[in-house]
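Keep in mind that the numbers below use all heavy atoms, side chains included, and drop hydrogens, waters and symmetry copies.
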Amino acid sequence: MSVAEPADLTVADLHPALGDPALTSMNFLNEVSERYPAAVSLAAGRPYEEFFDLAAVHRHLDTFHRHLVDDLGHRPEQARRLLLQYGRTKGIVHHLIARNLAVDEGITVDPEDVVVTVGCQEAMFLVLRALRAGPADVLLAVAPTYVGLTGAARLVDLPVWPVAGGSAGVDLADLAAQVHRARAAGLRPRACYLMPDFANPSGVSIDSAQRQRLLDLATQEDLLLLEDNPYGLFHSDDGPRPPTLKALDTGRRVVYLGSFAKTVLPGARVGYVVADQRVAGPGGRVGPLADQLAMIKSMVTVNTSPIAQAVIGGRLLEHGCSLVAANTRERSAYTRNLRHLVAGLARRFPALPDQPDLPDRPAVRWTVPAGGFFVVVTVPFPVDDALLDRSGRDYGVLWTPMAHFYDDTAPVHALRLSVSAVTPEQIDVGLDRLAALITDEVTRRAG
Ligand SMILES: Cc1ncc(COP(=O)(O)O)c(C=O)c1O
């Protein structure tokens, strides 16, 4: 934005969310990447681009088209209309999503309870828009929180109250305390948002027993849970994954948010929400929350591009609706990278006593997630945007300040590294540069 240019409007006269750090965060991080294109990026949580295959996109489209004609019995002109015309607000791959959830997650859903959305981001927006009925409503979210969720909440004027995550992924005592605190203040906690599997940004997962306790607490407190699961398939061992909250949900407590960005293609911009909660309407008519979300969607994006849905649908069909099967190569690359990054950190920061330290802070530490894209590194100094800029300019490595994932201005001594968009060789280079930055920073502050 040019300073000298005459302005027609001021941000102060637009929606208060504009200019809020939650909304400017993603733009800022993208701008830094553009400013230092030669830097190694351990910042981006994007899929590895060498996996992208343009020819496969055409094939997926054809596969889905054949499915419409051969499996579902559509006449050619109907199939063409379904792919190219305005379409069903709740989407045209809902039946395949239901099949995928059954095959990969053991979740049984009625396809009518699914809304196919423009990325998971739209799904979050629709759910928050629906839940925010009035000024007493608040959303609880496990902190640190995905900034896209915080930004969407801002846009619908829904305050976000942080709930401690901790090493268990969600601190149930704190969750109960926040619910009680909100109610005591005359507020209405509508839901708690969390990522039980390899959370962005913390990398932490919730174990099976804690998932069950969380569901019990949600029932006890009459609270919805918004389960966001973009990374669950990228687990590093061959043992069974813990069931999703939705798979354990016998009381329609869980609204399940899905994304195909990491498991198929981010450029398709397709996600979905499973919202099977029964909503009583005027005249006593009861229907799924999905129908209410579709009503909102009809005024936001009308329907998700059927061409994009067809690409996702084709990919699903080509793998028996299993994204586990479709992502064997991706899972092994991401888990290899994760192990490589963690081993690389251990080599560069071998033992705490050898590390430069400050009196009030431990030395460099990092999380060791069992999957997903992200590792959090804690350092003995506050990590802010100015340091990121310097890291890109002087050291040639990018990462994400953890401060972006907390909804306050307190200094945060941690940064997020992502393994998804890089090779092991790039991880080595990136870690050498990060280690130089950390060492220089500690030395500078000690001196
Ligand atoms: C936790 C989480 N939720 C949602 C999204 C958005 O997904 P989509 O690209 O499908 O909109 C992301 C993207 O990185 C994410 O990390």
Mind jotting down which residue pairs meet the ring-ring contact (aromatic ring centres under 6.0 Å, His included) criterion with at least one end in residues 212-241? Sequence neighbours excluded, please.
Y231-F373, Y231-F374, F234-Y334, F234-F373

Can you confirm whether R365 sits close enough to L345 that some side-chain heavy atom of one is under 4.5 Å from a side-chain heavy atom of the other?
no

Spell out, as yes or no, whether a donor-acceptor pair under 3.5 Å connects the side chain of Q121 to the backbone of G148.
yes

Flag side-chain contact, heavy atom, 4.5 Å: R269 against V118:
yes

Can you list the residues that meet the ring pair (Phe, Tyr, Trp, His ring centres under 6.0 Å) rule with F51, with sequence neighbours excluded?
Y48

So Q426 and V429, do their side chains get closer than 4.5 Å, heavy atoms only?
no

So, S33 side chain and L29 main chain: donor-acceptor pair closer than 3.5 Å or not?
yes

Can we say R241 and D104 salt-bridge, meaning some charged N sits less than 4.0 Å from an Asp/Glu carboxylate O?
no

Is it the case that atom CZ in R46 sees more than 12 heavy atoms from other parts of the structure closer than 6.0 Å?
no

Any side-chain heavy-atom pair of D113 and D110 under 4.5 Å:
yes

Identify whether the distance between the nearest side-chain nitrogen and carboxylate oxygen of R253 and D222 falls below 4.0 Å.
yes

Beyond-backbone contact of I107 with Y256, side-chain heavy atoms, under 4.5 angstrom:
yes

Determine whether R154 and P21 make a side-chain contact, defined as any pair of heavy atoms from C-beta on separated by less than 4.5 Å.
no

Backbone N/O of G396 and side chain of R433: donor-acceptor pair under 3.5 Å:
yes

Check ion pair E330-K262 (N to O, under 4.0 angstrom)
no

Of T423, V422, I427, L431, the one forming a side-chain contact (heavy atoms from CB on, under 4.5 Å) with H340 is I427

Can you give me the closest heavy-atom contact between L245 and E227, atom names plus distance?
N-OE2, 2.8 Å

In short, ring-ring contact (aromatic ring centres under 6.0 Å, His included) pairs touching residues 167-225 with sequence neighbours left out are none

Does S418 use its side chain to pair, donor to acceptor, with the backbone of A44 at less than 3.5 Å?
yes

With a 4.5 Å cut-off on side-chain heavy atoms, are D228 and C120 touching?
yes

Under 3.5 Å donor-acceptor, H15 side chain and A17 backbone:
yes

Quick note, ring-ring contact (aromatic ring centres under 6.0 Å, His included) partners involving residues 117-176, not counting sequence neighbours, are none

Looking at E441 and R444, does any basic side-chain N land under 4.0 Å from a carboxylate oxygen?
yes

Residues forming a side-chain hydrogen bond (donor to acceptor under 3.5 Å, both in side chains) with D389, sequence neighbours excluded:
R35, Y36

For H60, give me all partners under ring pair (Phe, Tyr, Trp, His ring centres under 6.0 Å), at least two apart in sequence or on another chain.
none

Let me see the working for T378 and H413 under side-chain hydrogen bond (donor to acceptor under 3.5 Å, both in side chains), right down to the final yes or no.
CA-CA 6 Å; T378 304; H413 292 60; over 6 Å; no

Kindly indicate whether the side chain of T244, heavy atoms from C-beta on, has any atom under 4.5 Å from the side chain of D249.
no

Strictly distance-based, threshold 3.5 Å: is any side-chain N or O of S322 a donor or acceptor partner for the main-chain N or O of H319?
no

Could you tell me whether E105 and K246 make a salt bridge, using a distance below 4.0 angstrom between a side-chain N and a carboxylate O?
no

Do side-chain atoms of R190 reach the backbone of L139 as a donor and acceptor pair under 3.5 angstrom?
no

